[in-house]
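Every heavy atom of this structure was used, including side-chain atoms; hydrogens, water molecules and symmetry mates were not.
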Amino acid sequence: MNTINRQGIEHPFLPIADNESRALILGSFPSVQSRANAFYYGHPQNRFWKLLGILFSEPAPETVKEKTALLQRHHIALWDVVASCAIEGSADSTLTPYALNDIASLIRGTEIKHIFLNGQKAGKLYRTRLEPETGIAAVILPSTSPANAAWPLDRLAEAWQPLVGAVFERQVEHDEHL
């Protein structure tokens, strides 16, 4: 009989956010590779950072410093829905959340008005358990994971356009008030 080796894990990273954050991207939980690399979307085949580079017409950031700077330049906060879980490898399909992150507390003190979910698992957990606390309806976007091979980078860039709209919409509102 095969048994699944599921590991109980605490989320290893702090959120990336500041009081000027306007949009929040939430994933489900960091992959094995991301945990090993000590930062979000650390698997070399994950298209997240390449996608943000395309969306904002910038080179894809490579270092943690460059990645953090890209997020801050565009007033984007980044975190994950799950605070602790059991998971087999990196597969969201095996993820069993023990606790969810306190997204409502993160949002307080920011200008976040838009939330985007990177993938269906994050979307389902947010919509059913966190959206009632935050009061912000989220947009579920296709996952940037290499496991989501049905979505090539050009299709992802098209699907993720609402993020760009949200960031620039808030910038236009801010500039109009100056």
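- Listed for the His43 side chain is a donor-acceptor partner under 3.5 Å among the backbone atoms of Gln45.
- For the residue pair Arg22 and Val167, the shortest heavy atom distance occurs at NH1-O, 4.1 Å.
- To the nearest 0.5 angstrom, His114 atom NE2 is 10.0 Å from Leu163 atom CG.
- Residues His11 and Asp80 have side chains that bring a donor and an acceptor to within less than 3.5 angstrom of each other.
- In the hydrophobic cluster analysis, where Ile, Leu, Val, Met, Phe, Trp and Tyr join through side-chain heavy atoms closer than 4.5 angstrom, Phe48 is grouped apart from Val32.
- Below 30°, between 30° and 60°, or above 60°: for Trp49 and Tyr41 the angle between ring planes is above 60°, a perpendicular geometry.
- The closest donor-acceptor contact from the side chain of Thr94 to the backbone of Ala91 lies under 3.5 Å.
- Side-chain contact check for Leu52 versus Leu70: some heavy-atom pair is nearer than 4.5 Å.
- At a threshold of 4.5 Å between non-hydrogen side-chain atoms, the residues Cys85 and Thr96 do not count as touching.
- For Arg73, the CZ atom sits in a packed shell: over 12 heavy atoms of surrounding residues, nucleotides or ligands are nearer than 6.0 Å.
- At distances below 3.5 Å, not a single donor-acceptor pair connects side-chain atoms of Trp79 with backbone N or O atoms of Ala17.
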### Message
Does Val81 form a side-chain contact (heavy atoms from CB on, under 4.5 Å) with Ile103? I'd like the steps, not just the answer.
### Response
CA-CA 8 Å; Val81 173; Ile103 306 302; 5.6 Å; no

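- Residues Phe116 and Pro162 are in side-chain contact: their nearest non-hydrogen atoms beyond the backbone lie under 4.5 Å apart.
- Leu106 has its side chain out of reach of Asp102: every pair of non-hydrogen atoms, C-beta onward, lies at least 4.5 Å apart.
- Distance alone, capped at 3.5 Å, is enough to place a donor-acceptor pair between the Asn118 side chain and the Thr144 backbone.
- In this structure, a donor-acceptor pair under 3.5 Å is absent between the side chains of Asn19 and Thr110.
- Proximity of a side-chain donor or acceptor of Arg129 to a complementary backbone N or O of Leu100 within less than 3.5 Å is not detected.
- Phe56 contributes atom CZ, which lies 6.0 Å from atom CZ of Phe168 (distance to the nearest 0.5 angstrom).
- With rounding to the nearest 0.5 Å, the separation of CG in Asn148 from CG in Leu156 is 6.5 Å.
- The shortest non-hydrogen separation linking Leu141 to Ala159 is CD2-O, 3.3 Å.
- A donor-acceptor pair shorter than 3.5 Å can be found between the side chains of Tyr126 and Thr134.
- Listed for the Ser143 side chain is no donor-acceptor partner under 3.5 Å among the backbone atoms of Gly119.
- Under the 4.5 Å side-chain criterion, counting only non-hydrogen atoms from C-beta, Pro97 is in contact with Leu125.
- In this structure, Ile54 CD1 and Asp154 CG are separated by 8.5 Å, a value rounded to the nearest 0.5 Å.
- Considering only heavy atoms from C-beta on, Phe29 comes within 4.5 Å of Arg35 through its side chain.
- Ring planes of Phe13 and Phe39: tilted class, angle from 30 to 60°.
- Side-chain atoms of Ser145 and Asn46 form no donor-acceptor pair, as typed in the model, at a separation below 3.5 Å.
- Taking OG of Ser21 as the reference point, atom CD of Gln72 lies at 8.0 Å (rounded to 0.5 Å).
- Residues Ile136 and Glu131 fail the side-chain proximity criterion, which asks for heavy atoms closer than 4.5 Å.
- Checking each of Leu24, Val139, Ile140 against Ile115 for a side-chain contact (heavy atoms from CB on, under 4.5 Å) leaves exactly one that passes, namely Leu24.
- Arg47 places no side-chain N or O within 3.5 Å of a backbone atom of Pro146 that could act as its donor or acceptor partner.
- For the atom pair OH (Tyr98) and CD1 (Ile87), the distance works out to 11.0 Å, reported to the nearest 0.5 Å.
- Contact of the Ser84 side chain with the Ile9 side chain is not registered, since no non-hydrogen atoms from C-beta on lie closer than 4.5 Å.
- In this structure, Gln161 contributes its side chain and Glu158 its backbone to no donor-acceptor pair below 3.5 Å.
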